[in-house]
Amino acid sequence: MKKDNKAGPGLESDLAAERIVPILEEKVTVGKRRRVTGSVRITKKVHEREEWIDEPLVKEEVIVDRVPINKFVDGAVSPREEDGVTIIPVLEEVVVVEKKLLLKEELHIRKKKETFRDPRKVLVRSEEAQIERSGPKD
């Protein structure tokens with residue numbers, strides 16, 4: 001069978017020159033994934049030891065002395081301090097032909113300080129961390 005070439009001679013050579021060549025393009029896709037490459041293990045040890053402490057301690061004591069006065073005064077007497085002693089007056093009203101204030105007594109309050117030592121053993125703790133790393137298995 002013979003082909004009928006209606007386009008005429010030379011048309012077939014023109015078609016061969018106009019062939020379409022597809023152009024390809026490659027694309028790169030980047031992704032991430034997790035992978036175990038090793039591990040870390042931390043252990044903690046608690047160490048205990050006894051230590052002596054010996055610090056000065058202060059003990060304060062209050063001493064109250066009752067000092068009888070029994071003397072009449074003209075008015076109320078205020079508390080006062082003399083040589084580190086706090087003095088608080090105690091008043092009493094007494095009936096006389098006239099009313100007067102009688103200073104019945106004074107309370108002399110002194111502070112006594114005593115410094116002493118009381119050594120004791122106390123328990124002291126400390127911690128130690130140990131870190132172990134293991135790499136990937138090849």
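- I42 and V46 end up in different hydrophobic clusters when Ile, Leu, Val, Met, Phe, Trp and Tyr side chains are linked at under 4.5 Å.
- Heavy-atom contacts from other residues, nucleotides or ligands closer than 6.0 Å to CD of E48 number more than 12.
- Hydrophobic clustering, with ILVMFWY side chains joined whenever heavy atoms are under 4.5 angstrom apart, keeps V62 apart from V58.
- Counting only heavy atoms from C-beta outward, the side chains of V90 and E106 never approach each other to under 4.5 Å.
- P89 and L103 get closest at one heavy-atom pair: CB-CD1, 3.9 Å.
- Residues L57 and T115 fail the side-chain proximity criterion, which asks for heavy atoms closer than 4.5 Å.
- Under 4.0 Å is where a charged nitrogen must lie from a carboxylate oxygen, and between R49 and E51 at least one such pair does.
- A salt bridge between E82 and R80 is present, with a side-chain N of the basic residue lying under 4.0 Å from a carboxylate O of the acidic one.
- Taken together through direct or relayed side-chain contacts under 4.5 Å among Ile, Leu, Val, Met, Phe, Trp and Tyr, L101 and I69 form part of one hydrophobic cluster.
- Put simply, the side chain of L123 reaches to within 4.5 Å of the side chain of E50, judged on heavy atoms.
- In this structure, the side chains of Q130 and E128 come closer than 4.5 Å at one or more pairs of heavy atoms.
- Here R41 contributes atom CZ and E132 contributes atom CD; the two are 4.0 Å apart, rounded to the nearest 0.5 Å.
- Note that CD of E55 and CG of D118 are 12.0 Å apart. Values are rounded to the nearest 0.5 Å.
- Cluster annotation: I88 is not connected to I63 through the hydrophobic network of ILVMFWY side chains, with a link wherever side-chain heavy atoms come within less than 4.5 Å.
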Inset, instruction - Check the pair L107 / R66 against side-chain contact (heavy atoms from CB on, under 4.5 Å), numbers first and verdict last. - result: CA-CA 5 Å; L107 302 177; R66 292 178 174 265; 3.8 Å; yes
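- Residue W52 holds its CH2 atom at 5.5 Å from NZ of K121, rounded to the nearest 0.5 Å.
- Shown here for R117 and D54, the closest heavy-atom pair between the two residues is NH1-O, 2.8 Å.
- Enclosure of atom CD in E81 by more than 12 non-hydrogen atoms of other residues, nucleotides or ligands within 6.0 angstrom is indicated.
- No continuous path of ILVMFWY side-chain contacts below 4.5 Å connects I131 to V36, so the two sit in separate hydrophobic clusters.
- The shortest heavy-atom contact between V94 and F72 is CG2-CE2, 3.5 Å.
- To the nearest 0.5 Å, atom CZ of residue R110 and atom CG of residue D83 are 11.5 Å apart.
- The CZ atom of R33 sits 7.0 Å away from atom CZ of R35, with the distance rounded to the nearest 0.5 Å.
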